[in-house]
Undergrad: 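The structure follows.
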There are 2 protein chains.
Amino acid sequence: MAKRNDAPGDRISEAEHAVMEVLWENSPMSASDVCDRVCAQRDWSMPTVKTLLSRLVSKGALGTEPLGRKFLYHPLIERSDYVGTESRRLVDRLFGGRAAPLFAQLAENEALSDKDLDEIEALLREMRR
Amino acid sequence: MAKRNDAPGDRISEAEHAVMEVLWENSPMSASDVCDRVCAQRDWSMPTVKTLLSRLVSKGALGTEPLGRKFLYHPLIERSDYVGTESRRLVDRLFGGRAAPLFAQLAENEALSDKDLDEIEALLREMRR
DNA sequence: CCATTCCGACTACGCATGTAAACCTTTTAT
DNA sequence: ATAAAAGGTTTACATGCGTAGTCGGAATGG
């Protein structure tokens with residue numbers, strides 16, 4: 001197996017991730033639209049969002065499609081891929097690649113709601129089949 | 001509530017984390033001993049390890065205790081705290097704070113061994129009580 | 001005692017990141 | 001048509017991080 005990186009380029013930083021989130025939620029979007037959403041959460045200015053968009057494009061995480069003279073941005077990598085890669089990174093780094101200790105950790109920190117427990121149980125049962 | 005950071009200072013970077021790992025495994029240790037262990041895994045040189053140790057000390061993650069003219073380093077923060085904080089960060093950032101989607105993600109990526117499943121099931125049963 | 005060695009502290013440096021201003025071109029409104 | 005607005009590109013800059021060299025003092029060996 002080769003690199004597990006979907007984007008040919010580098011890693012997506014945390015700030016960049018916030019931008020990705022809004023584009024994953026609502027796909028082809030212009031820079032100003034992205035700014036509207038993102039700047040509502042983080043307190044960023046337009047130039048900041050522009051920079052992040054550019055970096056994501058050069059990292060191969062976003063693609064652009066010209067609409068008139070404007071650009072529409074859309075993700076080139078799947079959210080599930082990103083999330084999967086990041087999750088695995090954490091599990092590898094902190095738990096020697098084993099998921100059970102992670103689960104135990106979350107349990108200990110009371111980070112598991114009843115709903116979580118139910119859903120996990122359901123998933124478990126499903127996987128057993 | 002204030003800051004969720006255990007160490008009064010800043011975050012522990014990934015390289016720093018590697019140093020913390022060896023000290024969590026074997027607590028009061030001199031810089032050269034740390035270097036021996038760490039440099040076996042990552043390909044670092046002594047100065048690099050020294051730098052990381054210093055940074056960890058100034059971040060409040062490590063304490064030093066003079067032994068002769070040498071220093072012995074030991075963790076000031078618990079591994080479980082660090083691991084817990086990091087896990088929660090990831091869950092918050094990627095899964096809206098819910099653990100079940102993380103679990104689903106790992107399941108989908110086949111990141112769960114049979115052993116993991118067994119252990120998680122056991123934990124689940126235990127928590128239900 | 002003097003040279004070598006060991007060690008911690010300080011300095012260095014390039015790259016990523018967070019954050020943003022300046023600039024240039026094109027469109028739009030007056 | 002001309003000024004203003006909109007949008008993408010370039011440049012900027014401080015901080016953090018990965019990685020490492022140098023310095024100065026203490027210990028040790030001869």
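Proteins come first, then strands; the chains are lettered A, B, ... in the order of their sequence lines, and each starts at number 1.
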Undergrad: List the residues meeting salt bridge (charged side-chain N to carboxylate O under 4.0 Å, His left out) with R37(A), not counting sequence neighbours, and say none if there are none.
TA: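 R37(A) satisfies salt bridge (charged side-chain N to carboxylate O under 4.0 Å, His left out) with no other residue.
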
Undergrad: In whole Å, I'd like the distance from the CH2 atom of W44(B) to the P atom of dA20(D).
TA: 9 Å

Undergrad: Quick one: does Q105(A)'s side chain have a donor or acceptor within less than 3.5 Å of a partner on L102(A)'s backbone?
TA: no

Undergrad: Does K50(A) or S13(A) map to a spot on DNA chain C nearer the 5' end, using the closest nucleotide for each?
TA: S13(A)

Undergrad: Would you indicate, yes or no, if dC17(D) has its OP1 or OP2 atom less than 4.0 angstrom from a side-chain nitrogen or oxygen of K59(B)?
TA: yes

Undergrad: Mind calculating the distance between CE (M46(B)) and P (dG18(D)) to the nearest angstrom?
TA: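 That distance rounds to 19 Å.
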
Undergrad: Looking for any heavy atom pair under 4.0 Å, which part of the strands does T48(A) touch: base, sugar-phosphate only, or nothing?
TA: base

Undergrad: Indicate, yes or no, whether a donor-acceptor pair under 3.5 Å links the base of dG18(D) to the side chain of R55(B).
TA: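 Checked by distance alone, the answer is yes.
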
Undergrad: Can a salt bridge be assigned to the pair E14(A) and R89(B) using a cut-off of 4.0 Å between side-chain N and carboxylate O?
TA: yes

Undergrad: Would you kindly confirm whether V57(A) and V34(A) end up in one hydrophobic cluster when ILVMFWY residues are joined by side chain heavy atoms under 4.5 Å apart?
TA: yes

Undergrad: Donor-acceptor check, side chain of D118(A) to backbone of K115(A), threshold 3.5 angstrom: yes or no?
TA: no

Undergrad: Let me spell it out: for each of P47(B) and Y73(A), pick the nucleotide of DNA chain D with the closest heavy atom. Which residue's pick is nearer the 5' end?
TA: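 The residue mapped nearer the 5' terminus is Y73(A).
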
Undergrad: Below 4.0 Å from chain A heavy atoms, what is the first contacting nucleotide of DNA chain C and what is the last?
TA: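 Nucleotide range in contact with chain A: dT17(C) to dT27(C).
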
Undergrad: Got a donor-acceptor contact below 3.5 angstrom from the T48(B) side chain to the W44(B) backbone?
TA: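 Side chain of T48(B) to backbone of W44(B), a donor-acceptor pair under 3.5 Å: no, none is there.
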
Undergrad: Can you tell me how far C1' of dG7(D) sits from CG of L72(A), to the nearest Å?
TA: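 One finds 12 Å between C1' of dG7(D) and CG of L72(A), rounded.
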
Undergrad: For the pair made of CG in L67(A) and P in dG8(D), what is the distance, rounded to whole Å?
TA: 10 Å

Undergrad: Figure out the CG/P separation between L53(A) and dT9(D), and round it to whole Å.
TA: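 From L53(A) CG to dT9(D) P: 10 Å.
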
Undergrad: Does any residue of residues 20-33 of chain B have a heavy atom under 4.0 Å from DNA chain D, and if so, which ones, in number order?
TA: none

Undergrad: Can you get from F71(B) to M46(B) by hopping between Ile, Leu, Val, Met, Phe, Trp and Tyr side chains that sit under 4.5 Å apart?
TA: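 F71(B) does not cluster with M46(B).
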
Undergrad: Please determine whether a side-chain nitrogen of the Lys or Arg among E21(B) and R79(B) lies less than 4.0 Å from a carboxylate oxygen of the Asp or Glu.
TA: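 Counted as a salt bridge, because a side-chain N and a carboxylate O are separated by less than 4.0 Å.
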
Undergrad: Tell me whether L117(B) shares a hydrophobic cluster with L123(A), the cluster being built from Ile, Leu, Val, Met, Phe, Trp, Tyr side chains joined at under 4.5 Å.
TA: yes

Undergrad: Round to a whole Å and report the spacing from CD of E14(A) to P of dC17(D).
TA: 12 Å

